[in-house]
Amino acid sequence: MGMLWWRFVISVVALTVLLCFNQLCHSQQAPNYTFVDEASTAPVSASYDYIIIGGGTAGCPLAATLSQNYNVLLLERGGSPYGNPNITNLAAFGLPLADESPSSPAQRFISEDGVINSRARVLGGGSCLNAGFYTRASMDYVKNAGWDPNLVNLSYHWVENIVAFEPPMLQWQSAVRDGLLEVGVLPFNGFTYDHIDGTKVGGTIFDRDGNRHTAADLLKYANPKGLTVLLHATVHKILFRTKGKQRPVAHGVVYRDAKGVKHRAHLNKGSKNEIIVSAGALGSPQLLMLSGVGPAEQLRSHNISVVVDQAMVGQGMSDNPMNAIYVPSPSDVEVSLIQVVGITKFGSYIEAASGSNFGLTPSDTPRRNFGLLSPQTGQLGTVPPKQRTPEAIAKAVKVMNSLNSSVFRGGFLLEKILGPLSTGHLELRNKNPSDNPAVTFNYFKEPEDLQRCIDGVTIIERVIESRAFSNFKYPYLSIQALINMTANFPVNLLPKHDNDSVSIEQFCKDTVMTIWHYHGGCQVGRVVDHDYKVLGVDALRVIDGSTFNFSPGTNPQATVMMLGRYMGVRILNDRITSEGFA
């Protein structure tokens, strides 16, 4: 009876533990951004020194920096995160990912691999949706990227002054930390933002009151007189001049507001003025293609005029695969997101999260917040994606709300691999910029990626069996039982196999999930140069995670925000130098 009960429990709860945090919702006061408005209030045509497409994790710090000296337009297709408790409150983590409405800050997509994923649609980008872990890239990553390490360090500090905090360390996270050390993920590096082999406590963008601090908060650095931010502004294409030019020159964009009204924004006269695409790993290559920069054959198949035949746009798409093991706990656990990481020497990163009671709404009638595990969400929902009818969802919600709170006590350990080496590609489905393109990541195509997963899951098994972790594991539940339970979660659309508990390789393949660290599509050396200028055209750059060949550090958001600041400073310095000699 016990085993059947736990099998049922785990199939219902899976990784919902990510969501249960404070019992009271904290409200973060919105900054008084006088430069933020709806796109519907904008003139039909206007001119700027810089036009930045995408107010996300890179776009916000970039806009704030450039606004110090120049007139900047920042176009964001989503709305504001402020005033939305589902974004700003840690207690509500996961709710935006469960929201499939057109106004949701998260836009779900399913890769051609069959893995459920999401992309941001909100000012602040993925920093409004993620689990909040803040950690820098390694020094080797910085060196290989060709970045100036001194400016990188200053740029990280600029970001951290606003959005990064030291998390509290309570019982579950402490047990994970001690378990990692016990099984040899050494040394212990204490609390640090730095990427160092061993076990460490990293930063978080949630403050001690449970308020999320996002890339949108970095707009506090902006010069209000130099910046215009337009919300619900969906860019349809970048405009190029070709007549009398040696090669195409970007000079403007066409965007539509929430009412569907078309607007144009143009660059002011000046050879140094630019359009910068910061629309993310899906949005940036998609927009280049929609604007005529991409593989000619694919563009012509959609009746898009070819500006530059650039075969590498949309290539090199990667997503770091995540695999996890859920551990029901006989002891109470704190609610926590990612706080501890084990950085192994073989290229796997071990992290953990925990939760209980799933939070309560501040109303007279308690209502559980199931977040990522809610039947509505794609990542870890208890209702398989193809069966999510309104009736099925309502039934699952009723069942979950009827369960005793002790069912939801526990947490999970996950591993994410370095890199990855496996890559795929992105293609247009149609000419609508609001629709998701088709993307294939080819998880575990390269054997080394799969081996890293196997080694990482092996470390997780050893941590679960460690003395340090013994208070949080039922003694009668074997590792094989935990793996079998986890393998039953409907986490993706892939077929399942019966040998997951005896083959870690099969477990990795069957239970692969995203940790939302996908990147590529406009990579340095293939689509952009080392100054992030798009090859083959002038006055156009791409600055965001689409330029990465590999994901930086254990979690990329710190480096994406840093990159926005870093390149903003670089651009300003280059202009000051060149104009000083003019």
Exercise. Carefully, step by step, assess L66 and D49 under the rule side-chain contact (heavy atoms from CB on, under 4.5 Å).
Key: CA-CA 9 Å; L66 293 177; D49 299 324; over 6 Å; no
Would you name the heavy atoms of [X] and [Y] that are closest together and state the gap between them?
X: V122; Y: P105; result: CB-CB, 3.8 Å
X: L97; Y: S118; result: CD2-OG, 3.6 Å
X: P437; Y: L426; result: CG-CD1, 3.7 Å
X: I338; Y: A131; result: CG1-CB, 4.3 Å
X: A324; Y: F507; result: O-CZ, 3.4 Å
X: N273; Y: L267; result: O-CD1, 3.7 Å

Looking only at the side chains, is there a donor atom on one of [X] and [Y] sitting less than 3.5 Å from an acceptor on the other?
X: Y50; Y: N268; value: no
X: R119; Y: N436; value: yes
X: R565; Y: T65; value: yes
X: T440; Y: N442; value: no
X: Q506; Y: H497; value: yes
X: N555; Y: T135; value: no
X: D319; Y: T514; value: yes
X: T511; Y: N323; value: yes

Does any N or O in the side chain of [X] come within less than 3.5 Å of the main-chain N or O of [Y], such that one atom is a donor and the other an acceptor?
X: D257; Y: K259; value: yes
X: E351; Y: E415; value: no
X: D217; Y: H213; value: no
X: T41; Y: E38; value: yes
X: R300; Y: P295; value: no
X: R121; Y: S434; value: no
X: Q557; Y: F133; value: yes
X: N492; Y: G114; value: no

With a 4.5 Å cut-off on side-chain heavy atoms, are [Y] and [X] touching?
X: H519; Y: S546; result: no
X: N117; Y: I110; result: no
X: K416; Y: I515; result: yes
X: H236; Y: R256; result: yes
X: R541; Y: M567; result: yes
X: K220; Y: Y33; result: yes
X: V542; Y: I276; result: no
X: W147; Y: Y141; result: yes

Practice problem: Could you go through the side-chain contact (heavy atoms from CB on, under 4.5 Å) check for Q523 and M312 one step at a time? | Solution: CA-CA 8 Å; Q523 292 171 315; M312 302 313 297; over 6 Å; no
Quiz prompt | Test of ring centre spacing under 6.0 Å for F412 and Y326 | solution = no
Quiz prompt | Within the 6.0 Å centroid threshold, strictly below: F548 and Y518 | solution = no
I need the [X] [atom1] to [Y] [atom2] distance, nearest 0.5 Å.
X: M317; Y: E427; atom1: CE; atom2: CD; value: 11.5 Å
X: Y532; Y: T547; atom1: OH; atom2: OG1; value: 4.5 Å
X: I53; Y: T234; atom1: CD1; atom2: OG1; value: 11.5 Å
X: R570; Y: I543; atom1: CZ; atom2: CD1; value: 9.5 Å
X: I51; Y: Y255; atom1: CD1; atom2: OH; value: 9.0 Å
X: Y48; Y: L73; atom1: OH; atom2: CG; value: 4.5 Å

Practice problem: Sequence neighbours left out, what passes salt bridge (Lys or Arg N to Asp or Glu O under 4.0 Å) with K533? Give chain and number order. | Solution: none
Exercise. In sequence, state the C-alpha distance, the side-chain angles, and the governing distance for D449 and K445, and then conclude on side-chain contact (heavy atoms from CB on, under 4.5 Å).
Key: CA-CA 8 Å; D449 288 342; K445 180 181 179 181; over 6 Å; no
Self-check item: Over 12 non-hydrogen atoms of neighbours within 6.0 angstrom of NE2 in H302
Solution: yes
Quiz item: For R241, does the CZ atom have more than 12 heavy-atom neighbours from other residues, nucleotides or ligands under 6.0 Å away?
Solution: no
Self-check item: Salt-bridge criterion met for D538 and R247 (N-O under 4.0 Å)
Solution: yes
Quiz item: Looking at C508, P321, S422, which hits side-chain contact (heavy atoms from CB on, under 4.5 Å) with I417?
Solution: P321
Exercise. Applying side-chain contact (heavy atoms from CB on, under 4.5 Å) between L95 and each of L129, N86, I87, report the one that passes.
Key: N86
Self-check item: Derivation of the side-chain contact (heavy atoms from CB on, under 4.5 Å) call for F35 and L219
Solution: CA-CA 10 Å; F35 46 80; L219 293 174; 4.1 Å; yes
Can I get a per-line list of side-chain donor-acceptor pairs under 3.5 Å for residues 280-294, giving both atom names and the distance, sequence neighbours left out?
{"residue": "S284", "atom": "OG", "partner": "A279", "partner atom": "N", "Å": "3.0"}
{"residue": "S284", "atom": "OG", "partner": "G280", "partner atom": "N", "Å": "3.3"}
{"residue": "S284", "atom": "OG", "partner": "G280", "partner atom": "O", "Å": "3.3"}
{"residue": "S284", "atom": "OG", "partner": "D544", "partner atom": "OD2", "Å": "2.6"}
{"residue": "Q286", "atom": "NE2", "partner": "D435", "partner atom": "O", "Å": "2.8"}
{"residue": "S291", "atom": "OG", "partner": "I238", "partner atom": "N", "Å": "2.8"}
{"residue": "S291", "atom": "OG", "partner": "L287", "partner atom": "O", "Å": "2.8"}

